[in-house]
There are 2 protein chains.
Amino acid sequence: MSVTLKDVAQAARVSVSTASRALTGTGLTSERTQQRLVRIARELGYRPNPIARGLKTGQSRLVALLVHNLTNASFQVMAEVVQARLKALGYQMLLCIGGDDPQAESDTLTTLVDHRIDGLIVVPTGKNGAQLETLSKDVPIVCLVRRDDATDLETVLADDPQGAYLGTRHLIELGHKRIGLIVGRQDTTSGRERLSGYVRALREAGISRDDALIHAGHYVPETGATCARKLLDLARPPSAIFVANHEATLGVLRVTAERNIAIPDDLSLLCYEDMPWFEWHRPAISIVDNGARDLANLAVDRLLHRMDAKGNSKGNGSDGVREYRVGARLIQRDSCRRIDVPAPAKSSKSKSSSSKSSAAKSAKV
Amino acid sequence: MSVTLKDVAQAARVSVSTASRALTGTGLTSERTQQRLVRIARELGYRPNPIARGLKTGQSRLVALLVHNLTNASFQVMAEVVQARLKALGYQMLLCIGGDDPQAESDTLTTLVDHRIDGLIVVPTGKNGAQLETLSKDVPIVCLVRRDDATDLETVLADDPQGAYLGTRHLIELGHKRIGLIVGRQDTTSGRERLSGYVRALREAGISRDDALIHAGHYVPETGATCARKLLDLARPPSAIFVANHEATLGVLRVTAERNIAIPDDLSLLCYEDMPWFEWHRPAISIVDNGARDLANLAVDRLLHRMDAKGNSKGNGSDGVREYRVGARLIQRDSCRRIDVPAPAKSSKSKSSSSKSSAAKSAKV
DNA sequence: AAGCTCTATGCAAACGTTTGCATAAATGGC
DNA sequence: GCCATTTATGCAAACGTTTGCATAGAGCTT
């Protein structure tokens, strides 16, 4: 059907081996025949069959990216980045959607290695550590966004503690003292880390933590709405809300709209992770950018490094680093506002104590 | 490294051929050996090597989906649907992002057939018709969402004329007479078709077409904003805007927010294609759903049909139908409002003018 | 000019399957 | 109990590459 190496060899009156060597550019063939074969191959429209090649070499020029879904904006840009990078290097990306389901993840993983993928970037569910660990002996693997604690795999993570710290500090600098936090479940790393960043910023500013202001739940709009209601129903509601996830933000926005709460006049809103429409929303929503683009790029870098190392069989490509953290950064738009600072009181102490007492009071709510 | 068919055969003391036949279930082997081999294979953890198999059979169990991007919500759900369907059948989806760029599309296509994909669902750019046509001789292809006029390929399309008609009629039924349309470029099929549906609904209602109300442009937020401004700046601005694309909707929303135009009180807004946050937005945005889910499912159906036909070499699987249209449907939420019908006035004219003047007023803000 | 090293080529095996053909064993009809 | 049929198995070729080994010249060194 399609033109094979044999055809090229015949046309050039050389053996298949020479043809192969000439076209793969091993340098084991004379300049002349090399060029001649390249020319003939082009004329005949020869395209090497990756399957046959794969059978012999054990490689497929396929690299898989396994993410939870495609609705998450971060995963979208990651997929696009990974695809672009890989394509430039002659790899095809195999994009798989695991739905954050351990069973699906496990199935997909076996199918992928069956297909002899050359590398894998995976956002692990965290439930298939053993399998991942085993597979990593055959194929280079880099974990992305989440760490699977059961493994020693190289992992590229967002710097959630820092991001949450950055966001919270920003709100504090704007004068906010009562900052609501809607955060992910505490059995996830990101949930815990974002909370910790928030807490650290508060502590640093001498603001005592008020658990009534902290709500944890799934990363879905419903959670955002529920938590927002709880926060706004407080006797002393927060002047700012930090939503540690973009899905939950949807719920918060709905509630504020329903209650006619103006952002940022009545309430400042800061969100973790970007969505394309955030900057088109009025007010444009300020965010802490988790650096999805950088994360993806770094993951690809590390994977390529490992793949390369494997090819040259110089170790497993580990550079001794197990974990990479990609910095988050604050993107200020229009959803956070400086809070009115009353005329400077005479005693700086009274001010701070007042702020503290108010915090203490609110803790009772 | 991994356990091969030969290993299984040896363990069972049969030849590789028998092993192969037993495990692929050809029925050419005795019940007993069949079961015995299946058992042994499982015990040994045998997994057939799809590459070796592919070399022999010319199949890869890989099906590609080539879309423009992943930011478009429709493409997201399509990708998820296709992946789910294929996975259930033991295929791996190869998701590729072409960026609506003819060159990238062309490159990707050749890579894909090099990899001997078993089938392809593609959203064509429309510039590689010849190539697609050629490839379709080797591999079953179904076009999705867009038709490539240079080809005769089976194509699954949204029923844009009907969708636009449905949406426009809805607005008309709510009493709107001046309906702005922000639509795609007229050199795209969808742009033309959506316009035609709009025009048909107007004509049917006896409303004469006003070209000042119709704006065409790229499917990006900027376009939406620009067009919205033009519409609202009209001496007699529309009482409703039908945005024939979700990206453009972002721009429209920004403008209405900037100008303090209340939706749906001052202006009704209807959008083509859904986005996850539309129902969380306040007001929740009414849409014409293009049926992305149905489109994807139908495309998969058709592709499987063709693949099947090819396998059994009973023709090319064409059932004589070249084009499938998947119906659109209206999803009413809260962004469209019945226009005030004052107590049946003697002159219906005064009514429409009053509502219009209010819109005109807000447009000046 | 003999011996040597290089360089360029070819032969053939291998990668892990599937499959046509041949054959051996089992079955059945008489 | 013999031939014809069916059923189960094995052998070996094939799919399109890559690659170790062998070899034939070509070019140097003496």
Side-chain angles (χ1 to χ4, degrees), chain A residues 1-38 40-41 44-62 90 113-118 138 311-313, chain B residues 1-38 40-41 44-62 90 113-118 138 311-313:
Chain A
M1 181 156 72
S2 60
V3 33
T4 118
L5 195 53
K6 200 162 133 195
D7 301 331
V8 179
Q10 257 160 13
R13 317 202 146 277
V14 295
S15 72
V16 235
S17 356
T18 328
S20 170
R21 285 190 269 251
L23 295 179
T24 45
T26 49
L28 291 171
T29 132
S30 81
E31 192 78 1
R32 244 171 55 81
T33 36
Q34 149 107 350
Q35 293 181 350
R36 197 162 62 94
L37 275 160
V38 170
I40 297 187
L44 261 50
Y46 168 71
R47 311 230 77 223
N49 180 336
I51 305 213
R53 177 177 288 173
L55 181 56
K56 186 72 214 203
T57 62
Q59 321 218 297
S60 58
R61 309 243 48 150
L62 252 35
V113 295
D114 280 354
H115 277 282
R116 300 296 188 274
I117 50 169
D118 291 347
D138 288 345
N312 306 332
S313 60
Chain B
M1 182 156 73
S2 58
V3 34
T4 119
L5 194 53
K6 199 161 132 195
D7 301 332
V8 179
Q10 257 160 15
R13 315 201 150 277
V14 295
S15 73
V16 238
S17 356
T18 331
S20 170
R21 285 189 268 253
L23 295 179
T24 45
T26 49
L28 291 171
T29 132
S30 80
E31 192 76 2
R32 244 171 55 80
T33 36
Q34 149 107 348
Q35 293 182 350
R36 196 161 62 93
L37 275 161
V38 169
I40 297 187
L44 261 51
Y46 167 73
R47 312 229 75 223
N49 180 336
I51 305 213
R53 176 178 289 174
L55 181 56
K56 186 71 213 200
T57 61
Q59 319 219 297
S60 58
R61 310 243 47 149
L62 252 34
V113 295
D114 281 354
H115 277 282
R116 301 296 188 275
I117 49 168
D118 291 346
D138 287 346
N312 306 332
S313 60

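Residue numbers begin at 1 in each chain, while the letters A, B, ... track the order of the sequences.
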Checking all strands, does A:Pro50 fall into the base, sugar-phosphate, or nothing category for heavy-atom contacts under 4.0 angstrom? nothing
Could you work out which one of D:dT17, D:dG10, C:dT17 sits closest to the side chain of B:Thr18? D:dG10
What's the CG-P distance between B:Leu23 and C:dT19, to the nearest Å? 14 Å
Rounded at 0.5 Å granularity, tell me how far CG in B:Leu44 sits from CG in B:Leu5. 11.0 Å
If I take atom CD in residue B:Gln59 and atom C1' in nucleotide D:dC15, what distance separates them, rounded to the nearest angstrom? 13 Å
On the nucleotide C:dG16, are OP1 or OP2 found under 4.0 Å from the side-chain N or O atoms that B:Arg53 carries? no
Tell me, please, which residues at least two apart from A:Thr33 pass side-chain hydrogen bond (donor to acceptor under 3.5 Å, both in side chains). A:Thr29, A:Ser30
Check the distance between C:dT17's C1' and B:Arg116's CZ and give it to me in whole angstrom. 16 Å
Report the distance from atom OG of A:Ser60 to atom CG of A:Asp118, rounding to the nearest 0.5 Å. 4.0 Å
Looking at residues at least two apart in the chain, or sitting in another chain, which of them share a side-chain contact (heavy atoms from CB on, under 4.5 Å) with B:Ala41? B:Val8, B:Leu23, B:Tyr46
For A:Ile51, report the nucleic acid contact type (base, sugar-phosphate, nothing); a contact means any heavy atom under 4.0 Å. nothing
Measure the distance from CD on A:Gln35 to C1' on C:dA8 and round it to the nearest whole Å. 15 Å
Do the side chains of A:Ser20 and A:Arg53 get nearer than 4.5 Å, heavy atoms only? no
A:Leu37 CG to C:dG10 C1': how many Å, rounded? 14 Å
Return yes if a side-chain donor-acceptor contact under 3.5 Å exists between B:Ser17 and B:Ser15, otherwise no. yes
To the nearest angstrom, the NE2-C1' distance between B:His115 and D:dT17 comes to 14 Å
How would you list, by chain and number, every residue that makes a side-chain hydrogen bond (donor to acceptor under 3.5 Å, both in side chains) with B:Arg61, sequence neighbours excluded? B:Tyr91
Just to verify, what does A:Arg47 make a salt bridge (charged side-chain N to carboxylate O under 4.0 Å, His left out) with, not counting sequence neighbours? B:Asp114
Five-pair end axes of the helix from C:dA1-D:dT30 to C:dC30-D:dG1, angle between them (10°): 40°
Contact nearer the 5' end of DNA chain D, comparing A:Arg47 with B:Ser15: B:Ser15
Within the structure, does a side-chain N or O atom of A:Ser20 lie under 4.0 Å from either OP1 or OP2 of D:dT19? no
Toward the 5' end of DNA chain C, which comes first, B:Thr57 or A:Leu55, by nearest nucleotide? A:Leu55
Across the strands shown, which category fits A:Thr24 at heavy-atom distances under 4.0 angstrom: base, sugar-phosphate, nothing? sugar-phosphate
Quick check for you: to the nearest 0.5 Å, what is the distance between A:Ile51 atom CD1 and B:Thr57 atom OG1? 7.5 Å
Does a side-chain N or O of A:Thr33 approach OP1 or OP2 of C:dT9 to a distance below 4.0 Å, or not? yes
Is any side-chain nitrogen or oxygen of B:Thr29 closer than 4.0 Å to OP1 or OP2 of D:dT9? yes
Taking side chain as C-beta onward, heavy atoms only, is A:Leu37 less than 4.5 Å from A:Val14? yes
Rounded to the nearest Å, what distance is computed from the CZ atom of residue A:Arg36 to the P atom of nucleotide C:dT9? 8 Å
Check nucleotides 20-26 of chain C against the protein and report each pair of N or O atoms closer than 3.5 Å, with its distance, or say if there are none.
{"residue": "C:dG20", "atom": "O6", "partner": "B:Arg21", "partner atom": "NH1", "Å": "3.3"}

Take atom NZ of B:Lys56 and atom C1' of D:dA12, then tell me their distance rounded to the nearest Å. 10 Å
